[in-house]
Amino acid sequence: MKMITAIIKPFKLDDVRDALEQVGVRGITVTEVKGFGRQKGHTELYRGAEYVVDFLPKLKIEIAANDDQVDRIVDTLITTASNGKVGDGKIFISALEQVIRIRTGETGEDAL
């Protein structure tokens with residue numbers, strides 16, 4: 001099992017969610033986050049005054065998946081979250097040792 005964590009632009013969420021449902025993802029967790037990478041923030045003008053936005057708003061999507069689903073999910077994230085510009089985001093894949101469904105006590109892949 002793997003944990004797929006994707007950092008994406010907020011306006012891409014609906015497209016990503018719909019595409020993930022079509023490839024069989026049954027659940028995701030979404031968190032509003034802020035950060036910066038190569039983008040390094042930007043300068044905005046508000047009522048004549050300039051100010052720097054260091055941390056940009058992003059969404060963190062977490063998906064627990066079986067090993068055989070990972071490539072399909074990653075491909076879907078890349079195609080739907082990308083607009084070809086700096087700041088599209090990142091995808092992290094890590095090993096997931098154990099999953100337990102609280103309601104039933106099911107473990108492993110049965111709990112996904």
Side-chain angles (χ1 to χ4, degrees):
M1 295 179 296
K2 302 286 188 215
M3 177 62 77
I4 302 167
T5 303
I7 309 296
I8 66 168
K9 291 185 175 183
F11 68 89
K12 289 290 194 172
L13 179 60
D14 289 335
D15 294 339
V16 169
R17 185 188 64 215
D18 293 342
L20 289 171
E21 285 178 9
Q22 290 179 1
V23 297
V25 174
R26 292 182 280 171
I28 65 174
T29 300
V30 178
T31 309
E32 291 181 4
V33 296
K34 291 185 178 191
F36 71 90
R38 291 184 181 164
Q39 231 174 334
K40 303 246 194 300
H42 61 274
T43 303
E44 290 189 4
L45 189 62
Y46 179 72
R47 294 188 179 188
E50 275 191 8
Y51 66 98
V52 176
V53 178
D54 291 329
F55 294 97
L56 301 173
K58 302 287 183 172
L59 293 178
K60 178 167 73 168
I61 299 175
E62 296 172 301
I63 307 163
N66 293 328
D67 290 334
D68 60 344
Q69 293 179 305
V70 172
D71 290 337
R72 191 171 346 122
I73 292 170
V74 169
D75 290 343
T76 301
L77 287 168
I78 289 170
T79 56
T80 56
S82 174
N83 65 5
K85 297 182 181 173
V86 173
D88 276 348
K90 297 267 192 299
I91 300 171
F92 306 97
I93 302 168
S94 54
L96 187 58
E97 289 185 31
Q98 183 64 278
V99 177
I100 302 166
R101 186 184 311 263
I102 293 173
R103 180 178 52 87
T104 62
E106 293 171 297
T107 61
E109 292 181 5
D110 293 335
L112 294 178

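These numbers come from a predicted model, not from an experiment. Numbers for residues simply follow the sequence, beginning at 1.
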Open item on the list: If hydrophobic clusters are built by linking Ile, Leu, Val, Met, Phe, Trp and Tyr wherever their side-chain heavy atoms come under 4.5 Å apart, do Val70 and Leu96 end up in the same one?
Closed with: no

TODO: State yes or no: do Leu20 and Ile78 share one hydrophobic cluster built from I, L, V, M, F, W and Y residues joined by side-chain heavy-atom distances below 4.5 Å, directly or via other members?
DONE: yes

TODO: Taking the side chain as every heavy atom from C-beta outward, state whether Lys60 and Ile7 have any pair of such atoms under 4.5 Å apart.
DONE: yes

Open item on the list: By the side chain to side chain donor-acceptor pair (under 3.5 Å) test, which pairs, at least two apart or in different chains, include something from residues 61-76?
Closed with: none

- [ ] Could you tell me which non-hydrogen atom of Ala65 sits nearest to which non-hydrogen atom of Leu112, and how far apart they are?
- [x] C-CD1, 3.8 Å

- [ ] Determine whether Met3 and Leu77 fall in the same hydrophobic cluster, where Ile, Leu, Val, Met, Phe, Trp and Tyr are linked whenever their side-chain heavy atoms lie under 4.5 Å apart.
- [x] no

- [ ] Examine Val23 and Ile93 and state if one hydrophobic cluster contains both, with Ile, Leu, Val, Met, Phe, Trp and Tyr joined whenever side-chain heavy atoms are less than 4.5 Å apart.
- [x] yes

- [ ] Work out which heavy atom in Leu59 is nearest to a heavy atom in Glu32; give both atom names and the distance.
- [x] CD2-CG, 3.7 Å

TODO: Please report the closest heavy-atom contact between Gly27 and Ile63, naming both atoms and the distance.
DONE: O-CG2, 4.2 Å

TODO: Can you run down the side chain to side chain donor-acceptor pair (under 3.5 Å) pairs that involve residues 103-112, sequence neighbours left out, and say none if there aren't any?
DONE: Arg101-Glu106, Thr104-Glu106

Open item on the list: I'd like to check Lys9 versus Lys58 (side-chain heavy atoms, cut-off strictly below 4.5 Å). Are they in contact?
Closed with: yes

Task: Nearest heavy-atom neighbours spanning Lys12 and Ser82 - done: NZ-O, 3.5 Å

TODO: Check whether any side-chain heavy atom of Arg17 sits under 4.5 Å from a side-chain heavy atom of Val30, and report yes or no.
DONE: no

Open item on the list: Exactly one of Ile73, Val16, Ile4 should register a side-chain contact (heavy atoms from CB on, under 4.5 Å) with Val25. Which one does?
Closed with: Ile73

Task: Heavy-atom closest pair, residues Ile8 and Ala81 - done: CG2-CB, 3.8 Å

Task: Side chain proximity check, Thr80 to Asp18, heavy atoms < 4.5 angstrom - done: no

TODO: Looking only at non-hydrogen atoms, find the nearest pair between Pro10 and Pro57 and report the distance.
DONE: CD-O, 3.5 Å

